[in-house]
There are 2 protein chains.
Amino acid sequence: MQSSGVTGSIMFPIRYNLYPKLLPDFIFISETIVSEMALSLLLLMARLVEFNQQDAIRKAMEVFWKKGYNGASMRDLTDAMQINPSSLYNTIGDKRQLFIRCIDDYTQARAGALQTHASGFKSASKALISIINESVNSILYSSNSCLAIKTTFELAVTDKDVQAILKHESDLTYALFLSLVRRAIEEKEMPADTDAEMIADYILNAFTGWHQSYIVHQDAARVKKMAKFLIAQISS
Amino acid sequence: MQSSGVTGSIMFPIRYNLYPKLLPDFIFISETIVSEMALSLLLLMARLVEFNQQDAIRKAMEVFWKKGYNGASMRDLTDAMQINPSSLYNTIGDKRQLFIRCIDDYTQARAGALQTHASGFKSASKALISIINESVNSILYSSNSCLAIKTTFELAVTDKDVQAILKHESDLTYALFLSLVRRAIEEKEMPADTDAEMIADYILNAFTGWHQSYIVHQDAARVKKMAKFLIAQISS
DNA sequence: ATTATTCTGAAACGATCGTTTCAAATTTTG
DNA sequence: CAAAATTTGAAACGATCGTTTCAGAATAAT
């Protein structure tokens, strides 16, 4: 299929796989008609998809969260999503595509929640401190370790698409932290000579280590102490 | 099998799975004879194990390192180790046991190398700084991300044995860092009011975040800046 | 009501999973 | 050298892997 050169019409090839060749090789159809055909094709849905994709994605996400990508079987996933493999493959695609949807959903939800949380504070430094404390809470009181971190070490090293999604969320969070740090400096709640970019990065990456510490040692006090130190450090 | 109560002899049960019961249910054998039997059993090796277990463990470790526990198949592992599954199961055991041997070997080698590295410095603070810089190097120039971190997020959350091994290495490293920090304080290269325990933990956990940062952003400068900041921070 | 179309559920696909079996090869003991 | 013991290699084990097929149910247009 390609443009005919004549404005407003599109040239379609005609294939003769069964009947003898009685028609020309090509047919020209006006763009308006093609557009209407495409629209009617979209409207003609004999049966609506029954399951809620967003809900299903969330259910799948929790399975990946607990078991990791390689640890989760399609059986685990379709059981949790309460759909048939055929429905899954007809709508979302294969295991990898499902995972990409899950990690995408997860990171977007997190980035959105973070933005909302941060906008609830007038003081930039108080917003930062609250974010750090919230991060500690989620490390200590959430049953699963962060899906983004798990995914970084399981898949992002070898899967460039996954890495790009994680990088995108990281960039957003970094940008938010950076703007907060800059505002805090302006509001004289951080030293004027602070390297804003580096500190934003530094805060962002501290969380990962605390996560690991808590998994290995199961010691809340250790994590809380480190968070307190980081807060003191950036507030001085 | 249990002690007879009579000192120096052990009571063995006798099982009659084929022949009619013509003997007593138990037989008492002196400890000396049992000990000799065990020794001769050990010496009687009709054929020696051909492959070098340590080498094979190292090969397997690299596979787990690249693919993770769930991502590595027994086929991958035996191919890399260049041994037959039967040899593997006869000597080391199943997949999980093999992995435990690998992660154990890995953490012990790391802990040992760290001790050696640290002992090469007279100044405690210089040793710490060198360790931090070495860590940055391994993050930037090693093709695989740290096996201990990968394992923490893939298995340690659910597998208590794996967690214990990781905790053991972490404890050793923590103890080393702690002694270095304390010495640095004594040598007046760190502030006298430094919380040595917390700072040791803090340094230890910073590495993990840098690892994640480099996987996601592939930006060496960012990692180097954070390391420089941490060094400046503990040196002041 | 009929036709056209699409989603669903059950079953099955070949491939691979981790693991086991067993005869042959190999080595030491007596 | 023969007997005893154990590792090795090839093959196969049942189970599960991710994925596909397809008849039938469901729905919309004609």
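All values reported here derive from a predicted model rather than from experimental measurement. Lettering of chains follows the sequences in order, A, B, ..., and the numbering in each one begins at 1.
- Side chains of A:H168 and A:T107: no donor on one and acceptor on the other come within 3.5 Å.
- Within the 4.0 angstrom heavy-atom criterion, base atoms lie near A:S86.
- Atom CG in B:L88 sits about 11 Å away from atom P in C:dT20, given to the nearest Å.
- The distance from atom CG of B:D94 to atom P of C:dT19 is 5 Å, rounded to the nearest whole Å.
- Rounded to an integer number of Å, the gap from CE of B:M81 to P of D:dT8 is 11 Å.
- Atom C1' of nucleotide C:dT16 and atom CZ of B:R75 are separated by 10 Å, given to the nearest angstrom.
- With C:dG18, D:dT19, D:dC17 as the choices, the nucleotide that has an atom nearest any side-chain atom of A:S73 turns out to be D:dC17.
- Rounded to whole angstrom, the span from the CZ atom of A:F99 across to the P atom of D:dG18 amounts to 14 Å.
- As rounded to whole Å, 17 Å separates atom C1' of D:dT7 from atom OH of B:Y89.
- For the pair B:N84 CG and C:dG18 P, the computed distance is 15 Å after rounding to whole Å.
- Taking atom CD1 of A:I92 as the reference point, atom C1' of D:dT19 lies 15 Å away to the nearest angstrom.
- Taking only side-chain nitrogens and oxygens, A:S87 never comes nearer than 4.0 Å to OP1 or OP2 of C:dC7.
- When each of A:N90 and A:N70 is assigned the nucleotide of DNA chain D with its nearest heavy atom, A:N70 is the one assigned upstream, toward the 5' end.
- The side-chain contact (heavy atoms from CB on, under 4.5 Å) with A:W210 is formed by just one residue from the set A:V136, A:I215, A:L140; it is A:V136.
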